[in-house]
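This report concerns only the one structure given below.
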Amino acid sequence: MLSIYLYALDEIAMDDKSVLLLPGATAWSEQKHGAAVQKAAELLSLGGTVCAICGATLALAHAGLLDKRPHTSNGAGFLEMFCPTYKGKDFYVDLPAVVDGNLITASATGSLMWAKLIIEKLGVFKPQTLEAWFAYFSAGKAEDFFALMQSLRQ
């Protein structure tokens, strides 16, 4: 059974089972967020999962956390434009969301795929239910909703 808790940064369990979600925003360049980025770096090194979307990917780039692993962000050139120290261009993947082991990144337009990758990583749904969930939230069709409900009964 999956349990989700909200903690202050200094209360986060730092192990390979922990997951840190970094939501998108334009404020990630502010120094007050440095502690969250340091936690992300520590968590990645311990095998925990870090999930960053939109502007949060910029904070990871500033910390050098995207320099040597596949990732995405708000389009090719975005990270270079706003982070002169970014060295991960060769690892940039031009997709809405990318998973590389325990790092999940997404562009601003990749929120649904980002959510899917996180749900998959957490093992919330069996694969059939996850695909039905994604189909329903991608298109909003009634038949996909019923397929989702049916998959939950199996």
Side-chain angles (χ1 to χ4, degrees), residues 1-127 129-140 148:
M1 180 72 173
L2 173 70
S3 298
I4 298 175
Y5 302 95
L6 298 177
Y7 293 97
L9 277 176
D10 60 344
E11 298 174 322
I12 295 173
M14 298 301 287
D15 59 42
D16 62 345
K17 305 269 187 283
S18 297
V19 178
L20 180 62
L21 301 178
L22 303 176
T26 57
W28 278 103
S29 60
E30 297 174 16
Q31 286 186 344
K32 67 181 179 181
H33 299 297
V37 177
Q38 287 177 341
K39 279 288 185 184
E42 184 181 347
L43 194 57
L44 285 171
S45 72
L46 295 171
T49 300
V50 173
C51 309
I53 188 168
C54 191
T57 62
L58 187 56
L60 298 184
H62 277 292
L65 298 174
L66 304 180
D67 288 351
K68 296 181 180 175
R69 57 189 311 166
H71 61 278
T72 194
S73 187
N74 292 333
F78 172 79
L79 295 173
E80 293 166 306
M81 182 184 307
F82 292 102
C83 179
T85 60
Y86 171 65
K87 295 179 177 75
K89 182 179 178 181
D90 291 340
F91 293 92
Y92 186 85
V93 181
D94 197 15
L95 290 172
V98 171
V99 62
D100 177 53
N102 60 339
L103 175 66
I104 302 172
T105 54
S107 69
T109 62
S111 59
L112 184 61
M113 181 58 75
W114 188 63
K116 179 185 182 209
L117 294 172
I118 294 168
I119 291 168
E120 182 175 41
K121 179 76 173 174
L122 295 173
V124 174
F125 295 137
K126 57 189 175 202
T129 301
L130 181 58
E131 291 309 316
W133 174 90
F134 187 73
Y136 176 62
F137 284 96
S138 293
L148 172 59

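Residues take their numbers from the sequence shown, with the count starting at 1. Heavy atoms only: backbone and side chains are in, while hydrogens, waters and symmetry mates are out.
- In plain terms, the two heavy atoms of A59 and V37 that are nearest each other are CB-CG2, 3.7 Å.
- Closest approach of A13 to L43, counting heavy atoms only: O-CD1, 4.4 Å.
- Applying the side chain to side chain donor-acceptor pair (under 3.5 Å) rule to pairs touching residues 109-120 yields S107-T109, K116-E131, sequence neighbours excluded.
- Between T49 atom OG1 and D16 atom CG the span is 8.5 Å, to the nearest 0.5 Å.
- For residues 28-45, the pairs satisfying salt bridge (Lys or Arg N to Asp or Glu O under 4.0 Å) are E30-K32, with sequence neighbours left out.
- Atom OG1 of T129 and atom CD1 of I119 lie 11.0 Å apart (nearest 0.5 Å).
- Residues satisfying the side-chain contact (heavy atoms from CB on, under 4.5 Å) criterion with S138, sequence neighbours excluded, are L112, F134.
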Determine all donor-acceptor pairs shorter than 3.5 Å in which one atom belongs to a side chain in residues 19-26; sequence neighbours excluded.
none

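- Evaluation of the ring pair (Phe, Tyr, Trp, His ring centres under 6.0 Å) test over residues 11-38, restricted to residues two or more places apart or in two chains, returns W28-H33.
- With a 4.5 Å cut-off on side-chain heavy atoms, V99 and K121 do not count as touching.
- Rounding to the nearest 0.5 Å places CD1 of I118 at 4.0 Å from SG of C51.
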Sequence neighbours excluded and cut-off under 3.5 Å, please list the side-chain donor-acceptor pairs for residues 61-77, or say none.
residue: H62; atom: NE2; partner: F82; partner atom: O; Å: 3.4
residue: D67; atom: OD1; partner: K87; partner atom: N; Å: 3.0
residue: R69; atom: NE; partner: D100; partner atom: OD2; Å: 3.0
residue: R69; atom: NH2; partner: D100; partner atom: O; Å: 2.7
residue: R69; atom: NH2; partner: D100; partner atom: OD2; Å: 3.3
residue: R69; atom: NH2; partner: N102; partner atom: OD1; Å: 3.0
residue: H71; atom: ND1; partner: L66; partner atom: O; Å: 3.3
residue: H71; atom: ND1; partner: R69; partner atom: O; Å: 2.8
residue: H71; atom: NE2; partner: Y86; partner atom: OH; Å: 2.6
residue: T72; atom: OG1; partner: Y92; partner atom: OH; Å: 3.4
residue: T72; atom: OG1; partner: V93; partner atom: O; Å: 2.8
residue: T72; atom: OG1; partner: L95; partner atom: O; Å: 2.7
residue: S73; atom: OG; partner: T57; partner atom: OG1; Å: 2.6
residue: N74; atom: OD1; partner: A108; partner atom: N; Å: 2.7

When you look at I104 and V98, which way does the side chain to side chain contact (heavy atoms under 4.5 Å, CB included) test go after all the steps?
-> CA-CA 6 Å; I104 302 172; V98 171; over 6 Å; no
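- Taken to the nearest 0.5 Å, the CE atom of M113 stands 12.0 Å off from the CD1 atom of I53.
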